[in-house]
Every structure is written in C-alpha cells, then in structure tokens.
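Here's the structure we're looking at; comments come further down.
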Protein chains: 2
Amino acid sequence: MTTIKDIAKVAGVSITTVSRALNGYSDVNEKTRKKIMQVAKDLNYSPNTLARSLVMNKSKTIGLIVSGMTEANKKDNFTFEVLSGANDCISERDYDLVLFSTTTAKQREKTYSQLCRERRVDGAIVQGMKIDDPYLKEVIESDIPCVLIDIPIESDTVGYVTTDNVLGARKAVRHLIELGHKNIAMINGHNQAYVSIKRLEGYEKSLQEEGFPVNQSWILDGSFSEEKAYEQTLVLLRNHPEVTALFCASDLMALGAIKAAKALGMDVPRNLSVIGFDDILLSSYSTPQLSTVGQNIFQLGYQAANLLIDMLEVKTKSHVCILDTELIARESTCKAQNDQD
Amino acid sequence: MTTIKDIAKVAGVSITTVSRALNGYSDVNEKTRKKIMQVAKDLNYSPNTLARSLVMNKSKTIGLIVSGMTEANKKDNFTFEVLSGANDCISERDYDLVLFSTTTAKQREKTYSQLCRERRVDGAIVQGMKIDDPYLKEVIESDIPCVLIDIPIESDTVGYVTTDNVLGARKAVRHLIELGHKNIAMINGHNQAYVSIKRLEGYEKSLQEEGFPVNQSWILDGSFSEEKAYEQTLVLLRNHPEVTALFCASDLMALGAIKAAKALGMDVPRNLSVIGFDDILLSSYSTPQLSTVGQNIFQLGYQAANLLIDMLEVKTKSHVCILDTELIARESTCKAQNDQD
DNA sequence: TTGAAAGCGCTAACAT
DNA sequence: ATGTTAGCGCTTTCAA
C-alpha cells in the first residue's frame, strides 16, 4: 500500500512537501505540486485516514446509536428512514457513518462514552432510546457532542431533533372534531417515550379548547404495538360504545385498532373513524387507507446529522430543530353519523 | 483523554506492560495486572482503536456498500433487512460496521478500493449493485476481501451470498400449476439483476417440465417497479385474456399487477391468480393478502457478514452461501376456474 | 518554497 | 516478568 513516504521518494521531495501538496496548501511550488499529484496517481495512492485521524485527533466519523433495532421497528421503518436521512447528510458533508446498535443488555457491558471514545467518533446521533434508558444519563454527562432524536434534552454538547408532536396531535383531533365527532378516544404509546407525552398533551388540549371533557377511561396504552392496540381497542369499544372516533399515537396502532373494530363487526370509517400518526408505508396500502398525521422521518435523521455537524464545526446557533407535520386525510375517517339528527 | 502512557505513569510500570496487561497476555504478573486494571478503571481509560488499527494494520471494521439507498428500496425494506442482518453478525463477532452509500454518480469520484482503503476497512459487503455496475469490476480486481449479495462472483478474495432463485421461482410456478393453471405469465425484474435471470430460468424450467410451451409474449419486464408492473400487466391482460395466473419476480410488482387487474374489473384471485417473490411486509397487509415465495433477507445480510469475517479470519471453507426459500400461499392465488369443464 | 524532527497512541520484536 | 526501542502513516511546528 502506497504511503506519502513512497511518493516522497519517487518525487524526490520530503514527506512534508508531499503532505502539503496533497492537502492543497498554498506554500508549495506549482511545479512540485503537479509532479507530486502525478506520482500519487501513478502509485495509486489512497490516504490512510486512520493515521490522519490519530494525529489530528478527529475522525470525521459520526456514530449512529440505535436502540432495539431487531424489534418491531421493522414494521414502521422508522429506524431505516432515520438512518437514510442521517447517512445522506453525513456523506454530503464528507463524514462517515458508523452504526452502533445497542440493546438494554449490551449497555451494561460498554458505556455510551466508551463506545464513542473507542471508535473515536467526533459525535453521535442517538435514536430509539426510552426516557428511562441508562445511556441517556451518560449522554448528558459525557462531553461528546450528541444529537438526540425525539428526546428534548439540551446542553452545551447535546442537542435534539423532534417533530412538533403537540401540534401534530392537535391536527389529528381537530380533523375528527371538524368531521363532527364529539366522543374521541385515544390509544397512546407507552409513556417511556417523549412523543407519547406530547401527543397526549395535544389530544387533551384540542378537546379542552372545544369544551369537550377529557375522559380518562377513553385513553388507553397501546405501547406502540399493533397487537396491544388491537386488544385495547377491543376493550374500549366494548365498554364505550359511545366512542365514534379514535386517535392513535402511531399508524401501527391504528392498524391494530381497525382490525379490532372489524373483529367486532364494525365498519371503519362508518362506525368508527380512526386516525394514526407517522404516515408509514403500510398506511397507504391498507384497507381502508389510513388517515394520519405525517411526519418526515427521513428529515428527522437528516437534520440530526446536520445539527450535529454544525455543532462539531462550531457553526452553531441553536441545538434544537423542530419539524412540522402534515394532515393526510385518507379513507379511515369520515363524518360522524349523527343518530340524534 | 487517558492513554496507556498515563496508566503506566500512575501504576509505575512501562507502557509495554500496560499494553500486555490490558490485552490479556499471560506473561504478566497477576499482581501488576490487577494494579494496572484498577488504574485503568480509575482513570476511566478507553483504548484508542485508531492507534491500534494503525499499528496492527487492521481495523476490525466492515464496510457495507449500498447502491441506490434513496430510491424505491424503501418500499421493500430490502436494504434495511440486509443492514440489520449484517449488523447483528458484525457486532456479535466484535467488528464495527461503517456504511457507504453510493450512487452511480458518486462512483466516478471515488473508486471502490479507494473507499475501502481510505477508511481501512478489513472487508466489504456489497449490496444493490447491478451486474453492469462499474464498481463490480473493481471489486474483483481489488484484493480487498469482499462478499457480494445476489451477484455470483467468486475468487480468492470475493465470495457471495444469494437465495436459490431458480428453486424459488419453481416453487411459485409449481404452486400455480398445482392449482390447475396452464396459462401462466411472468412479470420479471430488469435484466441487470442476476436474480431476474435466475427467476426467469426457474419459471421456464417449471413450464417445460410440464410440457407447457414458454410463450415469450407472456414474459414482460416490470423493472422491479410497482408502476411499471402495473402498466405491463395492463398490456398483458388486454392482449392475452387467456392468461389465468401471473408470477411476479417481486412482491412490489405483484402489488402493481393486482392493481392493474382490479383496474380492468378483474377479481384477484378469481379471475387471475398472482404470486410474488420476497415476502415483504406489505404482502401480508394488502388486500388480498399476497401469496409469495419468501426469502430471508435478514439472513442474507447476516450470512454475508459471517462469510466475510470467516474469510478475514481464514476460517474459510467455501466463499459461497445459498439460502432457501419458502412458499407462502395466502389469498392472491386460487384454483383455476375451469370454463371447459 | 522546502525539509528535519517530533509526536499522535498503540503494538511488537528484542533485550534483560 | 518487565523494559527499551522502533515504527505504523500522517500532520505540524520550527528552521533554513
């Protein structure tokens, strides 16, 4: 493997000059530069980033730390979208992406900062972590620049990217209200997720705004799981036949809810309007097609990377980025059937 | 950041001893080792893998080279499954995964071996490449150990992992034949993919085996695209009403084909049986649920990584791994309606 | 404009 | 069982 030493020898200059020429420094004679470039090409030279990183003390590498990659996550494609987005930005800005996937078990073996320091990543993006995750404390305590996805923690070295979940939830609920629904229930995700808390907040606010009471027995925990949502919806629909509309904190749960309604012989949307959150791929392929609040998960990843690299290169204004949502009305919601009229 | 030098100073030994102790060499006194371990812990030491890699001339890093990550690939989740599988194996075997996503444009800027050599990856997994891709030549010429996914090239340093596509296709066609179909058409992927060639081969073989003629006008190119398959199916169905069953080389194309049949007022499976290939997530959520030939894409990635690391660590027997498929009969195929009876 | 020399953190002969 | 020394490939003072 060719090194700058080899080039120096062939070109008849010192390694310093080669280094300077190759890195585009101005203080090198145009003629020698040409010569060096040519020799480098002839010798099929590739720089050794390991050596460079070692001496410069930065690796131009971003770690993407993903928690629980092997689980149900595949159904919503969330992780992959984030990864794609992050990867796009990272390669645009001439960094590399190394992937660390962790599990709760793994976190006991090796701490977050060990992970990052060993591989000498310049910074990290953290996705899929629950708010009670052991890594989270470390992230904050460590001095490694880090951007969290969907966890609102900010400090000198940590920022975050998330969607405006309160507003998103409000769009969903307002949509149902505009369709004439008054008895609107909610299937939420587990409460170790920040987004659950926010989506619930949006739900409650919207109802209060209209003077509708917030009925706690209409709010169930679907844990972001299709199956759990199925079961919970079954319970809900049996005990509360007055409910005509359902807001689910994720599309996957909405899909489960629709299955439950069907199992009870109900028609969606005629007997029950269902709206989800995310706009995953399945939503537009299911029957009926799912109405939902779309969030741009690719952008979540892209902006996370962008923010992080800004932080690394000290182009920093803010450490926070909030993305918008978009109401997508498809087939699973319709006007309330007004029996009283 | 703590280095072994710091540890040496505090522990009152030489850096060599520290290195040896930390790496579990036997020729170090148990007492000094204990001491060193303790100091390392106290100082919150993390080894610098950059430095280690530089001197050992291997990085314990695998490059995953993905082509065209931003495209339609999201719908079938193929890339993500491969990535998950590879990542699982790689972290089990104590390597790290760095992701390179390339496009045809990017390949002009930086060659495959440049990419690998710069980052000093020990080996590479290549996914999503077409058989006329410029990288492919480089992969073969380069001496960097490499495993290809779905491209059957083998040499001293390159191996491959793929599914038994001929047999898979035969399972699909045989399934249709067993249901009594005689006029079985095929929507294939583009022919820059090895898998297309193999699936076509399986299709033709199965027909010939039964003494059915292979009708070239029943074989169309859907380019692995849902939309293209939609269009092609429209053409096929209009021109060849005698066709009662359709084998698609991917589920996504099968979904497009079903849409086309519906658009022509046909019922699937009553008027047309459709079977796909892959068993993507959408297949079990669509209406009707798609019959298909399932391949284990996660395993494709996992085995690729496994094979590569075997090659790196010279535990090599073979450089090839062929995975099996599984027929999954769901709702989109049924018995042929025998008008003649 | 160029070169000599030091050093990034680590491993690995080769002594002792 | 431990230490001395050299060197991996590169960047960066400092001098010339």
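Just so we're on the same page: letters track the sequence lines, and every chain starts at 1.
- At the phosphate of D:dT11, OP1 or OP2 sits under 4.0 Å from a side-chain N or O atom of A:S19.
- For the residue pair A:V161 and A:L307, the shortest heavy atom distance occurs at CG2-CD2, 4.0 Å.
- Of all heavy-atom pairs spanning B:I36 and B:A11, the tightest one is CG1-CB, 4.2 Å.
- In this structure, A:Y25 OH and A:S19 OG are separated by 6.5 Å, a value rounded to the nearest 0.5 Å.
- Spacing between atom CG of A:L50 and atom P of D:dC8 amounts to 14 Å, rounded to whole angstrom units.
- Rounded to whole Å, the distance from CG on A:D27 to P on D:dT11 is 14 Å.
- The residue among A:S26 and B:I4 whose nearest nucleotide of DNA chain C lies closer to the 5′ end is A:S26.
- Annotation for A:F78 and A:L300: closest pair CZ-CD2, 3.8 Å, computed over non-hydrogen atoms.
- In terms of heavy atoms, B:T79 sits closest to B:M69 at CG2-CG, 4.1 Å.
- Atom CZ in A:R33 sits roughly 10 Å away from atom P in C:dT2 (whole-Å rounding).
- Looking at heavy-atom distances under 4.0 Å, B:T32 makes contact with sugar-phosphate atoms alone, never a base.
- Counting to the nearest Å, the P atom of D:dG7 and the NZ atom of A:K5 are 8 Å from each other.
- Within the 4.0 angstrom heavy-atom criterion, only backbone atoms of the sugar-phosphate kind lie near A:N29; the bases stay farther away.
- When heavy atoms are screened at a 4.0 angstrom cut-off, B:T3 is found touching the sugar-phosphate backbone but no base atom.
- Rounded to a whole Å, the CG atom of B:N48 is 14 Å from the C1' atom of C:dG7.
- Closest to the side chain of A:R20, from the set C:dT2, C:dA12, C:dA13, is C:dT2.
- As rounded to whole Å, 12 Å separates atom P of C:dA12 from atom CG of B:N57.
- In this structure, the CG atom of B:N23 is 13 Å from the C1' atom of C:dG9, given to the nearest Å.
- Atom NZ in A:K31 sits roughly 14 Å away from atom C1' in C:dT1 (whole-Å rounding).
- When distances run from any side-chain atom of B:R52 to the nucleotides D:dT11, D:dT4, C:dT11, the shortest one goes to C:dT11.
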